[in-house]
Amino acid sequence: MSSDGGGSQMGVAGALGLSVTSSVAIVICNKYLMSTLKFYFATTLTSWHLLVTFCTLHIAQRLRFFEPKPIDAQTVISFGFLNGISIGLLNLCLGFNSVGFYQMTKLAIIPFTMLLETIFLSKKFSQSIKASLMVLLLGVGIASVTDLQLNLLGSIIAVLTIAATCVCQILTNQIQRRLKVSSTQLLYQSSLYQSAVLLITGPFVDKLLTKKDVFAFEYTFEVVVFILMSCGIAVSVNFSTFLVIGTTSPVTYQVLGHLKTCLILSFGYVLLKDPFTLRNLAGILIAIFGMGLYSFFSVSESRKKTEGATLPVNTQMSEKDSAPLLGTKTSPWQESNGVENFDDVPRTAKSAFSRQLNP
């Protein structure tokens, strides 16, 4: 049991590390691609990311790196299309709102996710978890939110974005748990449908936002190289997003996304010499403190649940009779058992694209 627990903790830590590393890497790549090379077509680029992800997983499946698991076609198609629409809405939200209001939209994902899980999934969040998340959101808000300019169309798109993002991330978690499929299997089954949605709508969305045509862009050798690099990194971003949500929860994923926000702000200041104020520094420190509190309370509550499971045999039998367990895999992050950024998406590379547009 201790060996399994240690392996589970290492697996969760690896998933979190891969998610942070790949997301920061793709922000660096996309920032250069869009800021320096003037390739502003984020939605179309995302569709290429998902298409490359599907092709990579298809090759991996053919080489027997993982076994594909059939999933109900209606579930996969619906999930894929909803996820694709969610990505498009994120880009539209950024295009029709100020950066400050867009950041507020991202901050609203965590409490809205908790609300949905409480109402529809009967999840319960302790006061300690809620308090630590409030500290986290306060810090990220201080560090990243600048101006707040409201308009009716942008507000409607923001509400739709929050709803679609939360539902997608909750579904990512629930599908993996209830159908007993791995993050790789779910991503393989759904990425083609996500790509299809964005391949069709991406050029129109990008033209609406940038007033430029992706097909009329001059694709130099350097642009093609960075597009290929971005697509390669996106495979890790997409995989790690599904992995993190599947092994932890949507709320934890959103917390992780805000950590990426703080890291990206810090990176922009240290390496890119972006403007940085005491307000940014104070916000980042508050956010990190909030993340520390969240981690501490999550692990503490997980340990209490684990200790509560080690009861006398007769007590365990009575509990088993009244409430049979659906699974035995546990994680130190599963206390909320529920989105992270995100920031952030996924789940997809959407959090990476949004960040590079507002460094």
Side-chain angles (χ1 to χ4, degrees), residues 11 15 46-47 49-90 109 112-113 116-123 160-202 234-235 237-253 323-331 334 336-340 345-350:
T46 306
S47 70
H49 286 180
L50 290 164
L51 184 60
V52 170
T53 298
F54 172 78
C55 294
T56 301
L57 291 178
H58 182 70
I59 294 173
Q61 180 267 320
R62 299 287 293 180
L63 295 175
R64 304 298 183 189
F65 283 102
F66 72 95
E67 289 295 329
K69 184 174 182 178
I71 305 175
D72 175 66
Q74 184 177 357
T75 299
V76 173
I77 294 174
S78 301
F79 173 74
F81 278 105
L82 183 60
N83 226 352
I85 292 171
S86 172
I87 299 171
L89 284 173
L90 276 163
I109 292 176
F112 195 77
T113 299
L116 289 180
E117 290 184 322
T118 301
I119 294 174
F120 296 103
L121 300 178
S122 300
K123 304 291 182 183
L160 294 175
T161 299
I162 293 171
T165 301
C166 293
V167 171
C168 283
Q169 294 181 356
I170 292 173
L171 283 177
T172 300
N173 180 273
Q174 292 298 310
I175 290 174
Q176 291 187 56
R177 293 178 184 276
R178 295 186 178 182
L179 300 184
K180 294 181 172 58
V181 295
S182 68
S183 55
T184 307
Q185 291 167 333
L186 179 58
L187 181 58
Y188 176 60
Q189 295 285 346
S190 64
S191 56
L192 185 60
Y193 298 105
Q194 297 179 54
S195 176
V197 172
L198 297 181
L199 280 171
I200 295 172
T201 62
V235 175
V237 173
N238 291 320
F239 172 73
S240 62
T241 296
F242 277 66
L243 186 60
V244 168
I245 296 177
T247 56
T248 60
S249 72
V251 172
T252 297
Y253 175 72
L325 296 176
L326 296 177
T328 57
K329 183 177 72 172
T330 60
S331 159
Q334 287 177 348
S336 58
N337 197 24
V339 87
E340 151 273 36
V345 8
R347 35 189 229 42
T348 58
K350 59 181 172 294

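No experiment lies behind these values; they were computed from the predicted model shown.
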Residue pair Q61, L57: steps toward the side chain to side chain contact (heavy atoms under 4.5 Å, CB included) verdict:
CA-CA 6 Å; Q61 180 267 320; L57 291 178; over 6 Å; no

How long is the gap from [atom1] on [X] to [atom2] on [Y], to the nearest 0.5 Å?
X	Y	atom1	atom2	result
T161	I85	OG1	CD1	11.5 Å
L89	I162	CG	CD1	11.0 Å
Q169	N83	CD	CG	8.5 Å
N173	T113	CG	OG1	11.0 Å
H49	N238	NE2	CG	8.5 Å

What one should report as the nearest heavy-atom pair of F79 and C168 is CE1-O, 3.7 Å

Tightest non-hydrogen contact, residues Q189 and V76, listed as O-CG1, 3.0 Å

Residues pairing under ring-ring contact (aromatic ring centres under 6.0 Å, His included) where one sits in residues 160-193, two or more places apart or in two chains, turn out to be F54-Y188, F66-Y188

If the condition is side-chain contact (heavy atoms from CB on, under 4.5 Å), which residues does [X] pass it with, not counting sequence neighbours?
X	result
R62	H58
V235	V52, T53, T56
Q74	D72, S78
L63	I59, F65

**Report entry** ring pair (Phe, Tyr, Trp, His ring centres under 6.0 Å) partners of F239, counting only residues at least two apart
**Finding:**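 So F239 forms no ring pair (Phe, Tyr, Trp, His ring centres under 6.0 Å) with any residue.
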
Residue set satisfying ring pair (Phe, Tyr, Trp, His ring centres under 6.0 Å) with F120, at least two apart, ordered chain then number -> none

**Prompt:** Backbone N or O of L187 within a donor-acceptor pair of the Q194 side chain at under 3.5 Å?
**Reply:** no

Is the side chain of S195 donor-acceptor paired with the backbone N or O of S47 at a distance under 3.5 Å, no angle test? yes

Worksheet item: Can you name the residues that form a side-chain hydrogen bond (donor to acceptor under 3.5 Å, both in side chains) with Q185, not counting sequence neighbours?
Response: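 side-chain hydrogen bond (donor to acceptor under 3.5 Å, both in side chains) check on Q185 returns S182.
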
Residue set satisfying side-chain hydrogen bond (donor to acceptor under 3.5 Å, both in side chains) with S191, at least two apart, ordered chain then number -> none

Exercise. Do the side chains of L192 and L51 get nearer than 4.5 Å, heavy atoms only?
Worked result: yes

Compare all side-chain heavy atoms of Q174 with those of L121 and state whether any distance is below 4.5 angstrom.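 In short, these two side chains touch, coming nearer than 4.5 Å.
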
Please identify which of these residues, T165, V197, V167, meets the side chain to side chain contact (heavy atoms under 4.5 Å, CB included) condition with S86.
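Per the side chain to side chain contact (heavy atoms under 4.5 Å, CB included) rule, the option paired with S86 is T165, out of T165, V197, V167.
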
